[in-house]
J.: 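Got a structure for you, questions after.
Throughout, a chain's letter reflects where its sequence line sits, starting with A, and its residues are numbered from 1.
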Number of protein chains: 2
Amino acid sequence: MLKFDKNDYRREAERFKALGHPTRLWIVRQLADGQEHCVCEFVEAVGVKFATISQHLAILKAAGIIADDKRGKQVFYRLCCPCLLSVLRCVGQAQEG
Amino acid sequence: MLKFDKNDYRREAERFKALGHPTRLWIVRQLADGQEHCVCEFVEAVGVKFATISQHLAILKAAGIIADDKRGKQVFYRLCCPCLLSVLRCVGQAQEG
DNA sequence: TGTACATTTCGTAATATAACTAAATGTCTA
DNA sequence: TAGACATTTAGTTATATTACGAAATGTACA
C-alpha cells in the first residue's frame with residue numbers, strides 16, 4: 001500500500017465536503033434540473049437568511065461544483081459538472097453496510 | 001421550487017461528509033481495489049495514531065460506506081457500495097467552474 | 001490464567017464550520 | 001446622482017470536527 005500524501009486528496013475531499021451539508025446538497029439537487037436558479041429562490045425555499053445561503057453557494061462555487069452568472073440585480077447559479085447527477089443517484093441509493 | 005426539508009437530506013449529506021476528509025477519501029480509494037484491508041495497514045501508510053484511523057473508519061462505517069470483519073486480533077475493512085467507484089471517478093475528474 | 005497485541009472508546013484541546021446581524025458592494029431606475 | 005434592491009463580506013458566537021494520549025475491550029497464545 002502506497003504512502004498517503006494529504007495534498008493529493010485535499011481538493012477532491014473539498015468537493016465531497018461541499019456536498020456534505022443538507023442545505024448544500026439540496027441546492028445541488030435543485031440545480032440538477034439543468035436550469036439556472038436565482039439566489040432568492042433558494043433563500044425562500046430553505047428558510048434561512050440571505051447571508052447563510054450566500055455562504056453555502058460560495059462554498060459550492062469554491063469547490064468547483066456550481067458556477068454563477070450575474071444578470072442585473074440578480075445572481076443565477078447552475079451546476080458545472082454534469083456527471084454529478086449520477087454521483088447523486090449512486091450515493092442516494094447506497095445501502096447500509 | 002419545493003420547500004427544503006432538512007431531514008430528507010441528512011443521511012445522504014452524511015455520506016458525502018464522510019468522504020470529505022483527505023484521509024478518509026484515501027482510505028476509500030485504497031479499498032476500491034475490491035480487497036479487504038487491515039486497520040494496521042492504514043495506520044502505517046497514513047502516519048497518524050491508531051486511535052485517529054479508528055475514528056475515521058468509524059465515521060465511514062456509520063455512513064454506510066465501509067463494513068468490517070473481525071478475524072483473530074485484526075479487523076479488516078471493505079467497501080460496501082460498489083457504485084462508489086464511479087462516484088470517485090466523477091468527482092475526481094470534476095473541472096473548475 | 002496471565003500477558004501481549006490489535007483495535008476501540010473516552011476525555012480533551014485546537015481548529016473549523018454554521019448561522020446570525022450589520023455593514024459593504026454593485027446595479028438598476030427615478 | 002440618490003435610493004431601492006439583490007447579494008456578498010465581515011465579525012461574532014455556538015457547535016462540530018480533528019487528532020491526540022490514556023484507558024478499556026477483546027482475542028490469541030504461552
Side-chain angles (χ1 to χ4, degrees), chain A residues 1 4-7 9-28 30-31 36-63 65-78 97, chain B residues 1 4-7 9-28 30-31 36-63 65-78 97:
Chain A
M1 191 176 282
F4 164 69
D5 181 351
K6 197 172 188 175
N7 289 316
Y9 291 87
R10 217 168 234 151
R11 181 80 185 123
E12 194 182 347
E14 187 195 357
R15 291 209 184 92
F16 281 111
K17 190 150 81 169
L19 295 169
H21 185 286
T23 300
R24 292 195 295 267
L25 189 53
W26 175 86
I27 289 172
V28 169
Q30 298 317 113
L31 294 175
E36 288 191 330
H37 290 278
C38 172
V39 182
C40 57
E41 293 182 68
F42 298 134
V43 173
E44 193 192 341
V46 175
V48 296
K49 299 291 160 176
F50 228 111
T52 302
I53 290 294
S54 183
Q55 214 168 260
H56 282 310
L57 290 167
I59 288 167
L60 287 168
K61 188 180 166 186
I65 292 169
I66 63 175
D68 63 343
D69 187 18
K70 285 162 224 248
R71 285 203 298 277
K73 283 190 280 192
Q74 300 184 105
V75 180
F76 294 86
Y77 281 88
R78 64 175 186 283
Chain B
M1 189 176 284
F4 164 69
D5 181 349
K6 197 173 189 175
N7 289 316
Y9 291 88
R10 216 166 234 153
R11 181 78 184 125
E12 195 182 347
E14 187 195 356
R15 291 210 183 90
F16 281 112
K17 189 149 81 170
L19 294 168
H21 185 286
T23 300
R24 291 195 294 266
L25 189 53
W26 176 86
I27 288 172
V28 170
Q30 298 317 113
L31 295 175
E36 289 192 329
H37 290 279
C38 173
V39 181
C40 58
E41 293 182 68
F42 299 136
V43 173
E44 194 192 339
V46 174
V48 297
K49 297 293 160 177
F50 229 110
T52 303
I53 290 294
S54 182
Q55 213 168 261
H56 282 309
L57 290 167
I59 289 167
L60 287 168
K61 188 179 166 186
I65 291 169
I66 62 175
D68 63 342
D69 188 17
K70 285 165 224 242
R71 286 204 297 278
K73 283 192 281 191
Q74 300 185 103
V75 180
F76 294 86
Y77 281 87
R78 63 176 187 281

J.: Expressed as a whole number of angstroms, how long is the span from B/Phe42:CZ to C/dT8:C1'?
T.: 16 Å
J.: At under 4.0 Å, does any side-chain N or O of A/His56 touch on OP1 or OP2 of C/dT17?
T.: no
J.: To the nearest Å, give me how far apart CG (B/Asp69) and C1' (C/dA6) are.
T.: 15 Å
J.: In whole angstroms, how far is the P atom of C/dT27 from the CG atom of A/Asp68?
T.: 12 Å
J.: B/Phe50 has an atom CZ; how far is it from atom P of C/dT9, in whole Å?
T.: 13 Å
J.: Can you tell which of C/dT8, C/dT7, D/dT7 lies closest to the side chain of A/Cys40?
T.: D/dT7
J.: To the nearest Å, how far apart are B/Glu36 CD and C/dA6 C1'?
T.: 16 Å
J.: Please report the distance, rounded to the nearest Å, between CG in B/Leu25 and P in D/dT17.
T.: 18 Å
J.: B/Lys17 side chain N/O closer than 4.0 Å to the phosphate oxygens (OP1, OP2) of D/dA16?
T.: no
J.: A/Arg24 near the nucleic acid: base, sugar-phosphate alone, or nothing, with a heavy-atom cut-off under 4.0 Å?
T.: sugar-phosphate
J.: Are the side chains of B/Val48 and B/Thr23 in touch, meaning some heavy atoms are under 4.5 Å apart?
T.: no
J.: Is any side-chain N or O of B/His21 closer than 4.0 Å to OP1 or OP2 of D/dA19?
T.: yes
J.: Choosing from C/dT7, C/dA22, D/dC20, which nucleotide comes nearest the side chain of B/Gln55?
T.: D/dC20
J.: Atom CD of B/Glu41 and atom P of C/dC5: how far apart are they, to the nearest Å?
T.: 19 Å
J.: Applying a 4.0 Å non-hydrogen cut-off, can you work out what B/Lys49 is touching in the nucleic acid: base, sugar-phosphate, or nothing?
T.: sugar-phosphate
J.: If you assign B/Arg71 and A/Gln74 each to the DNA chain D nucleotide with the nearest heavy atom, which residue ends up on the more 5' nucleotide?
T.: A/Gln74
J.: Hey, does A/Ile65 have a side-chain heavy atom less than 4.5 Å from the side chain of A/Ile59?
T.: no
J.: Please examine the side chains of A/Met1 and B/Phe42, heavy atoms only from C-beta on, and report whether any two atoms are closer than 4.5 Å.
T.: yes
J.: Closer than 4.0 angstrom, basic N to acidic O: yes or no for A/Lys17 and A/Glu14?
T.: no
J.: Nearest to the side chain of B/Ala51 - D/dA22, C/dT7, D/dT8?
T.: D/dA22
J.: Regarding A/Phe76, tell me which of base, sugar-phosphate or nothing describes its non-hydrogen contacts under 4.0 Å with the strands shown.
T.: nothing
J.: Does C/dA18 have OP1 or OP2 under 4.0 Å away from a side-chain N or O of A/Thr52?
T.: no
J.: Over all strands shown, is B/Tyr77 touching base, sugar-phosphate only, or nothing at heavy-atom distances under 4.0 angstrom?
T.: sugar-phosphate
J.: Got a donor-acceptor contact below 3.5 angstrom from the B/Arg15 side chain to the B/Ala63 backbone?
T.: yes
J.: Quickly work out the A/Ile66 CD1 to D/dT7 C1' distance and round it to whole Å.
T.: 13 Å
J.: With respect to the side chain of B/Lys6, which nucleotide from C/dA19, D/dT8, D/dT18 is positioned closest?
T.: C/dA19
J.: Side chains of A/Thr52 and A/His56: does their closest heavy-atom pair fall under 4.5 Å?
T.: yes
